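Reading through the structure tokens given below for one structure.
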Amino acid sequence: MNQDPIIHRGLDGVVVDTTRISKVMPEINALVYGGYPVQELAETCCFEEVAWLIWHGELPSAKQLAAFEADERSRRNLSAPLLEVIRKSPRTAHPMDVLRTAVSFFGMEDASPEKTDAAANLNRSMDLLARIPAMIGAFYRFRKGQEYIPPRADLSMAENFFHVCHGRVPAPEVVRAFDVSLTLYAEHGFNASTFTARTVVSSLSDLYSGVVGGIASLKGPLHGGANEAVMHMILEIGDPAKARDWMLKALKDKRKVMGFGHRVYKNGDSRVPTMKKYAQKMAAFTGEKKWLEIADILEATMLEQKNIHPNLDFPSGPAYYLMGIDIDMYTPIFVMARITGWTAHIMEQLANNALIRPLSQYTGPGQRTVVPVEKR
Ligand code: COA
């Protein structure tokens with residue numbers, strides 16, 4: 001009889017716990033946050049409402065939303081030491097590395113991070129939601145030799161992001177498309193970074209450490225880093241006339257094409273149609289049609305050849321490019337949104353904690369005797 005355990009590499013298909021936060025339904029290409037379809041939330045609500053939903057399980061009333069927005073806006077400023085850490089980061093560093101360090105430093109500014117009760121962790125989650133855009137904006141500017149622009153309390157989160165990076169708020173169409181992307185990126189079940197965050201705090205480590213772990217995981221090109229890789233690929237192709245041949249060659253060379261495929265969705269990512277619609281709005285707004293023409297040809301060729309669908313990173317990459325945002329800031333923007341999902345999962349994990357500690361099947365040498373070094 002075969003005694004070997006069944007190995008689920010990459011935890012593929014394994015259900016490790018329950019969650020009330022979101023549900024991915026690959027069979028009907030759907031994603032719901034607290035029961036609400038993500039595309040409805042993106043079209044009807046602002047990101048701040050979605051953040052409340054992810055943390056509280058219900059959409060806020062108008063009064064609750066106003067209080068939440070006022071609270072978030074009051075917390076946006078960074079301390080002088082934290083700004084110095086960002087200012088002194090190497091200009092050549094990837095913004096995800098700077099953000100990982102900035103969040104870690106911010107955690108050290110908390111005098112009692114070990115207090116992990118729900119109220120303290122919700123308060124910390126709000127602190128991070130409010131400050132991460134300023135952390136991103138600070139490095140955006142420092143590395144270009146520009147001065148830091150302090151956040152403004154009269155702007156929405158989406159407007160303030162552009163303000164701290166560019167010093168101005170763009171047209172409402174651009175702000176809306178960006179806000180939609182934040183809602184689409186906010187939460188997605190037990191993906192790699194969220195599971196990493198839950199694993200970190202399952203040892204009763206603190207919330208900041210869980211978020212730092214999430215950022216570290218998200219950075220990889222198989223996860224959040226794909227949105228940057230997609231835009232580099234589209235720029236490299238450069239011409240719609242070259243897109244089909246480029247894809248055929250990539251597939252012939254057995255390359256993984258960034259922005260396609262998904263561990264859970266096999267018939268299409270529920271978030272793509274909404275993001276694609278807003279990417280198209282950005283193309284119409286800017287008059288720059290070429291990048292989405294290339295994207296459409298890549299998508300059609302991939303579907304025809306391999307029946308593999310694009311994921312959210314595929315339309316978000318060119319959408320952010322058309323908004324005039326530096327390419328290596330796309331994954332930090334993902335953090336700005338996903339901080340809601342990560343922290344909700346951290347709090348859910350701690351409310352009913354079980355140390356995450358799976359088993360492995362040993363494949364090394366059999367048991368043997370240690371020979372002293374002089375006899376080896
Ligand atoms: N380009 C080309 N082929 C791809 C592909 C891609 N982006 N994604 C999957 N495939 C192919 C694989 O080569 C494999 O083919 P094979 O069975 O002939 O070997 C098959 O589809 C299954 O892929 P696999 O990597 O085993 O699926 P997975 O569930 O482990 O991987 C991803 C999911 C997301 C890691 C994978 O699709 C990928 O690397 N995509 C690109 C990165 C990306 O966009 N990440 C963002 C995810 S939201």
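Source: prediction; values computed, not measured. Counting starts at 1 for both ligands and their atoms, in listed order.
Electrostatic pairing of E173 and R176 does not count as a salt bridge here, judged by no charged N lying under 4.0 Å from a carboxylate O.
Minimum interatomic distance between I136 and I333 (heavy atoms only, all atoms of both residues): CD1-N, 4.3 Å. When all heavy atoms are compared, the tightest approach of L31 to Y265 is CB-OH, 3.5 Å. Across all non-hydrogen atoms, the minimal contact from I325 to Y140 is CA-OH, 3.7 Å. Scanning both residues, L312 and P315, for their nearest heavy atoms gives O-CD, 3.1 Å.
Every heavy atom of G225 sits 4.0 Å or more from the atoms of ligand 1. At least one heavy atom of G259 sits under 4.0 Å from some atom of ligand 1.
By the definition of a contact as any protein heavy atom under 4.0 Å away, atom 1 (N) of ligand 1 is in contact. For atom 22 (C) of ligand 1, the nearest protein heavy atom lies 4.0 Å away or farther. Per-atom contact check: atom 17 (O) of ligand 1 does not touch the protein, criterion being a heavy-atom distance below 4.0 Å. Protein heavy atoms all stay at least 4.0 Å away from atom 26 (O) of ligand 1. For atom 32 (C) of ligand 1, the protein comes within 4.0 Å by no heavy atom at all. Within a 4.0 Å radius of atom 43 (C) of ligand 1, the protein contributes at least one heavy atom.
Atoms of ligand 1 lying under 4.0 Å from at least one heavy atom of A226, given by number and element, are 43 (C), 44 (O), 45 (N), 46 (C). Atoms of ligand 1 lying under 4.0 Å from at least one heavy atom of M302, given by number and element, are 1 (N), 2 (C). Close contacts between ligand 1 and R255 involve ligand atoms 1 (N), 2 (C) [criterion: under 4.0 Å to a heavy atom]. Under a 4.0 Å criterion applied to the non-hydrogen atoms of K266, ligand 1 contributes the atoms 29 (O).
In the candidate list V257, N307, V264, V257 is nearest to atom 7 (N) of ligand 1, counting heavy atoms. For the residues H309, M247, K256, H188, the heavy atom positioned nearest atom 36 (C) of ligand 1 is part of K256.
Counting heavy atoms under 4.0 Å from ligand 1, residue A229 does not touch it at all. Residue contacts with ligand 1 for I308 involve side-chain atoms from C-beta outward but no N, CA, C or O (heavy atoms, distance under 4.0 Å). With a 4.0 Å heavy-atom cut-off, ligand 1 is reached by no atom of D12.
In terms of N/O distances under 3.5 Å, ligand 1 is approached by L222. For F260, a nitrogen or oxygen atom sits less than 3.5 Å from a nitrogen or oxygen atom of ligand 1, counting backbone and side chain alike. Distances between N or O atoms of N311 and those of ligand 1 include at least one value under 3.5 Å.
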What do the steps show when you test R271 against H188 for side chain to side chain donor-acceptor pair (under 3.5 Å), and what is the final call?
CA-CA 10 Å; R271 304 161 297 177; H188 210 203; 3.3 Å; yes
Show your reasoning for whether side chain to side chain donor-acceptor pair (under 3.5 Å) applies to E299 and H309.
CA-CA 7 Å; E299 182 179 339; H309 294 257; over 6 Å; no
Would you please test E43 and K277 for salt bridge (Lys or Arg N to Asp or Glu O under 4.0 Å) and show each step?
CA-CA 11 Å; E43 294 289 4; K277 173 177 150 188; 2.7 Å; yes
Apply side chain to side chain donor-acceptor pair (under 3.5 Å) to the pair D110 and Y208, showing each step before the final yes or no.
CA-CA 10 Å; D110 186 330; Y208 307 103; 2.6 Å; yes
Side chain to side chain donor-acceptor pair (under 3.5 Å), that's the test. Do W55 and T343 meet it? Break it down for me.
CA-CA 8 Å; W55 284 342; T343 49; 2.9 Å; yes
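Between S209 and D206, the closest side-chain pair of non-hydrogen atoms falls below 4.5 Å. Contact of the E48 side chain with the D179 side chain is registered, since non-hydrogen atoms from C-beta on lie closer than 4.5 Å.
For atom 28 (P) of ligand 1, the nearest protein heavy atom (residue, atom name, distance) is R263 NE, 3.6 Å. The protein heavy atom nearest to atom 15 (O) of ligand 1 is K306 NZ, 4.3 Å.
Looking only at atom types and distance, the side chain of S316 has no donor-acceptor partner in the side chain of Y330 under 3.5 Å away.
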